[in-house]
Asks: 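The structure's right below; bear with me while I get my questions together.
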Amino acid sequence: MRKAFKGTSHLAKLLPTGTVLIFQTLSPLFTHQGQCQTLTSKTMTTCLLTLCSISCFLLSFTDSFRDERGKVRYGVASLKGLWVLDASIRVPVDEAEKYRLRFIDFFHAFMSILVFLAVALLDGSVVSCFFPKPSEEAKELLVTLPIGIGIVCSVLFVAFPSQRHGIGFPLSRN
């Protein structure tokens, strides 16, 4: 039971909740409640989906740490370590190694985009905008594909947890 709760907490860290909130707020406005009668509406909706996907990708590389005074500092992982957003603070060289980019970070970033796109496929306004009159096969795919993506990504997130504490996620005292 303890492992299940721990796995769920890792999953909550990786879902693009802030990006989804922005998307859910703006998509009805950009799609005109799913009508998308003009090319501008479709273009703006495509741009919204693209920007939110990029946000999901980039936020997967954020991390945080406590400085010498115990204050939480945020940064972005790089090949050499953590690039701290507050330029006056530096991560000690010996500690910077544990914050460098790894393959698993790119894996999580890609999975985060997939989860976001699954949420977008569940949004009625977006589906109506791009598929105003879907066939029966397309309707079935639009219902099952997001659920399948969600299940597969959830299992992979739990199986391969992230060690990152991104922006907005709690940092342990240790």
Side-chain angles (χ1 to χ4, degrees), residues 1-27 46 48-67 70 72-85 91-127 130-131 137-174:
M1 187 63 105
R2 186 171 185 225
K3 275 190 167 189
F5 285 127
K6 187 175 182 179
T8 304
S9 72
H10 286 300
L11 182 60
K13 284 193 325 188
L14 295 166
L15 294 176
T17 52
T19 303
V20 170
L21 178 64
I22 290 169
F23 170 75
Q24 291 289 331
T25 304
L26 295 177
S27 72
T46 303
L48 176 65
L49 289 167
T50 303
L51 288 174
C52 288
S53 296
I54 291 169
S55 171
C56 288
F57 185 80
L58 293 177
L59 287 173
S60 296
F61 302 111
T62 61
D63 208 340
S64 57
F65 69 100
R66 291 191 189 279
D67 65 9
V72 177
R73 302 291 182 167
Y74 298 99
V76 178
S78 71
L79 293 174
K80 295 181 181 180
L82 192 66
W83 177 66
V84 183
L85 298 177
V91 179
V93 178
D94 57 326
E95 196 166 317
E97 177 68 21
K98 69 179 182 181
Y99 292 106
R100 69 180 176 79
L101 279 177
R102 293 180 175 83
F103 173 76
I104 194 76
D105 296 322
F106 290 98
F107 177 73
H108 285 160
F110 177 71
M111 299 301 280
S112 182
I113 290 172
L114 286 177
V115 169
F116 169 72
L117 293 176
V119 169
L121 283 173
L122 290 172
D123 185 88
S125 298
V126 172
V127 172
F130 292 109
F131 307 103
E137 291 86 16
K139 284 181 188 176
E140 186 175 331
L141 187 64
L142 288 169
V143 169
T144 57
L145 185 63
I147 294 168
I149 290 171
I151 290 170
V152 169
C153 289
S154 296
V155 168
L156 291 173
F157 278 146
V158 172
F160 304 104
S162 175
Q163 301 302 316
R164 300 238 178 255
H165 296 94
I167 296 173
F169 297 104
L171 184 62
S172 62
R173 288 270 177 213
N174 302 339

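Only heavy atoms go into these numbers, but all of them, side chains included; no hydrogens, no water, no symmetry mates. Numbers here simply count residues along the sequence, with the first being 1. Values in this document were obtained by computation on a predicted structure and should not be read as measured data.
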Asks: Which residues pass the salt bridge (charged side-chain N to carboxylate O under 4.0 Å, His left out) test with Lys139, not counting sequence neighbours?
Replies: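 Result, salt bridge (charged side-chain N to carboxylate O under 4.0 Å, His left out) vs Lys139: Glu136.
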
Asks: Can you measure from CG (Leu48) to CD1 (Ile22) and round to the nearest 0.5 angstrom?
Replies: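 These two atoms lie 9.0 Å from each other.
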
Asks: When you compare the side chain of Thr62 with that of Tyr74, does any pair of heavy atoms fall below 4.5 Å?
Replies: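 Result no, sub-4.5 Å side-chain heavy-atom pair not found.
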
Asks: Just how far is it from atom CZ of Phe157 to atom CG of Leu114, taken to the nearest 0.5 Å?
Replies: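 One finds 8.5 Å between CZ of Phe157 and CG of Leu114.
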
Asks: Between Ala77 and Tyr99, which heavy-atom pair has the shortest distance, and what is it?
Replies: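 What the structure gives for the nearest pair is CB-O, 3.4 Å.
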
Asks: Looking at every heavy atom in both Gly75 and Leu82, which two are closest together, and how far apart are they?
Replies: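 Shortest heavy-atom separation between Gly75 and Leu82 comes out as C-CD1, 3.7 Å.
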
Asks: Is the shortest heavy-atom distance from the side chain of Thr19 to the side chain of Leu59 under 4.5 Å?
Replies: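 Touching, per the 4.5 Å side-chain cut-off.
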
Asks: CZ of Phe23 to SG of Cys56: how many Å apart, nearest 0.5 Å?
Replies: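 The CZ atom of Phe23 sits 10.5 Å away from the SG atom of Cys56.
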
Asks: Is the side chain of Ser55 donor-acceptor paired with the backbone N or O of Leu51 at a distance under 3.5 Å, no angle test?
Replies: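 Here the side-chain-to-backbone pair does not exist.
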
Asks: What distance separates Ile149 CD1 from Ile113 CD1, expressed to the nearest 0.5 Å?
Replies: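 Those atoms lie 12.0 Å apart.
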
Asks: Looking at CZ of Arg100 and OG of Ser78, how far apart are the two atoms once the value is rounded to the nearest 0.5 Å?
Replies: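 Output value for this atom pair is 10.5 Å.
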
Asks: Can you check whether Phe130 reaches Leu49 side chain to side chain, under 4.5 Å on heavy atoms?
Replies: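 A side-chain contact under 4.5 Å exists here.
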
Asks: Take a 6.0 Å sphere around CD of Glu140 and say whether it holds more than 12 heavy atoms from other residues, nucleotides or ligands.
Replies: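 Counting other residues, nucleotides and ligands, CD of Glu140 stays at 12 neighbours or fewer.
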
Asks: Once the angle between the rings of Phe106 and Phe57 is folded into 0 to 90°, is it parallel (under 30°), tilted (30 to 60°) or perpendicular (over 60°)?
Replies: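 Tilted, since the angle between the ring planes falls between 30° and 60°.
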
Asks: Below 4.5 Å, heavy atoms only, C-beta onward: do His108 and Ile104 meet side chain to side chain?
Replies: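 They are in contact (side-chain heavy atoms under 4.5 Å apart), so the answer is yes.
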
Asks: Taking the side chain as every heavy atom from C-beta outward, state whether Val119 and Asp123 have any atom pair closer than 4.5 Å.
Replies: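 No; the side chains remain at least 4.5 Å from each other.
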
Asks: Working to the nearest 0.5 angstrom, can you tell me the gap between Leu117 CG and Ser112 OG?
Replies: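 That separation rounds to 9.5 Å.
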
